[in-house]
Q: 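Structure below; questions to follow.
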Amino acid sequence: MDKKEYKKITTKVLYDMKCRGEKISMLTAYDYTMARILDAAKIDVLLVGDSASNVMAGHETTLPITLDQMIYHAQSVVRGVDRALVVVDMPFGTYQGNSKRALDSAIRIMKESGGHAVKLEGGREVKESVERILSAGIPVMGHLGLIPQSIYKFGTYTVRAKEEAEAKKLVEDAHLLEELGVFALVLEKIPAELGKKVAESLKIPVIGIGAGPDVDGQVLVTHDMLGMTKDFNPRFLRRYLDLFTDMKDAFERYRQDVKSGDFPNESESY
Ligand code: KIV
């Protein structure tokens, strides 16, 4: 991308976008090639999500992915980006219940990957970790609602905070995170009304995934919105392509061309 063409996205730029009422676009990225394409499309924020555990490694949950693996993915993404802000998920077990460990993990992510910020899941339970990471000057993005790292606590991936008590806790946690100094918040799979209420009552940008239209931006898992994954069909997912079918067709045509001897032809040979 030509440097004159773009303004680098920073946490301050995202804040200004919210103030102007300009929506923020965010998608996941786990590798260099995808990051280059996403950045060329001017996606504002690239999330090196721990969904890499599912999408890239084939695990059933986000729990198994390690800090070293997240750093590897983040390094690849950072190399592909000129404009976007790169946010890196802190994997399960690297920040919960031990703020010293949380700071060490966040510092490793920032130093070794070149990412611009970290994201972690939870509210009051991770208060000390958030404070300690922020004290080192590392920008933190929060994540409330459906928090996949706690799947074994909740036992299901259904909509969160439908009951009043859980909705109240979510609103309190959102305000706590803002007071602590997080620069943005992801809200996953909650009622649209609640998403609106939180976004309107916070100064920081609120990015939704299944949190309705009245938040400050949207995030999806890139492989899902491209239709590369087939078995994941939540209501909030809009598929822009059916790449599973298109790629499978291309692979089949290649196989046939190889088997028949059609590939390579004379002009493809030396
Ligand atoms: O890991 C991830 O992809 C995420 C998004 C779903 C927000 O956290």
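Treat the numbers as computed from the prediction; the structure is a model and nothing was measured. Sequence positions, counted from 1, serve as the residue numbers for this chain. Counting convention: from 1, in listed order, for ligands and their atoms alike.
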Q: Check this for me, if you would: do Glu125 and Lys169 make a salt bridge, where the nitrogen-to-carboxylate-oxygen distance has to be below 4.0 angstrom?
A: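 Answer for the salt bridge query: yes.
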
Q: To which protein heavy atom is atom 8 (O) of ligand 1 closest, and what is the distance rounded to 0.1 Å?
A: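 Its nearest protein heavy-atom neighbour is Lys119 NZ, 2.9 Å.
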
Q: Measure from the side-chain N and O atoms of Lys8 to the backbone N and O of Asp82, and report whether any donor-acceptor pair falls under 3.5 Å.
A: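 Checked: pair present.
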
Q: Is a side-chain donor or acceptor of Asp50 paired with a backbone partner of Asp89 at a separation under 3.5 angstrom?
A: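 Not confirmed, Asp50 side chain does not pair with Asp89 backbone.
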
Q: If you measure from each non-hydrogen atom of Thr28 to ligand 1, which part falls under 4.0 Å: side chain, backbone, both or neither?
A: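 Thr28 to ligand 1: side-chain contact only, backbone stays beyond 4.0 Å.
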
Q: Can Arg132 and Asn98 be counted as having a side-chain donor-acceptor contact under 3.5 angstrom?
A: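 Side-chain D/A pair, Arg132 to Asn98: absent.
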
Q: Check whether any side-chain N or O of Gln69 sits under 3.5 Å from a backbone N or O of Thr66 as a donor-acceptor pair, and report yes or no.
A: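 The answer is yes, because a donor-acceptor pair under 3.5 Å joins these two groups.
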
Q: Would the distance check show the side chain of Tyr95 and the main-chain N or O of Glu121 forming a donor-acceptor pair, the cut-off being under 3.5 Å?
A: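 Yes, the answer is positive, given that a donor and an acceptor are paired below the 3.5 Å cut-off.
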
Q: Under 4.0 angstrom from ligand 1, any heavy atom of Met26?
A: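 Contact absent.
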
Q: Could you tell me, atom by atom, which parts of ligand 1 come under 4.0 Å of a heavy atom of Asp89?
A: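 Near Asp89, meaning under 4.0 Å from one of its heavy atoms, ligand 1 has 1 (O), 2 (C), 8 (O).
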
Q: Considering the heavy atoms of Leu47, write down every atom of ligand 1 situated less than 4.0 Å from one of them.
A: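 The atoms of ligand 1 under 4.0 Å from a heavy atom of Leu47 are 2 (C), 4 (C), 5 (C), 7 (C), 8 (O).
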
Q: Identify the protein heavy atom lying closest to atom 6 (C) of ligand 1, giving its residue, its atom name and the separation to 0.1 Å.
A: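 Of every protein heavy atom, Ile209 CD1, 3.7 Å lies nearest to atom 6 (C) of ligand 1.
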
Q: Looking only at distances, please establish whether an N/O atom of ligand 1 is found under 3.5 Å from an N/O atom of Glu188.
A: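 Looking only at distances, the answer is no, because the N/O contact criterion of under 3.5 Å is not met.
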
Q: Could you check whether any side-chain N or O of Lys18 sits under 3.5 Å from a backbone N or O of Ile204, counting only pairs where one atom can act as donor and the other as acceptor?
A: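 Yes, the answer is positive, given that a donor and an acceptor are paired below the 3.5 Å cut-off.
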
Q: Just to confirm my output: which protein heavy-atom neighbour is closest to atom 2 (C) of ligand 1, and how far is it?
A: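 In this structure, atom 2 (C) of ligand 1 has Ser51 OG, 3.3 Å as its nearest protein heavy atom.
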
Q: Work out whether the distance between some heavy atom of His143 and some atom of ligand 1 is less than 4.0 Å.
A: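 Checking ligand 1 against His143, which is what was asked, there is a heavy-atom contact under 4.0 Å.
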
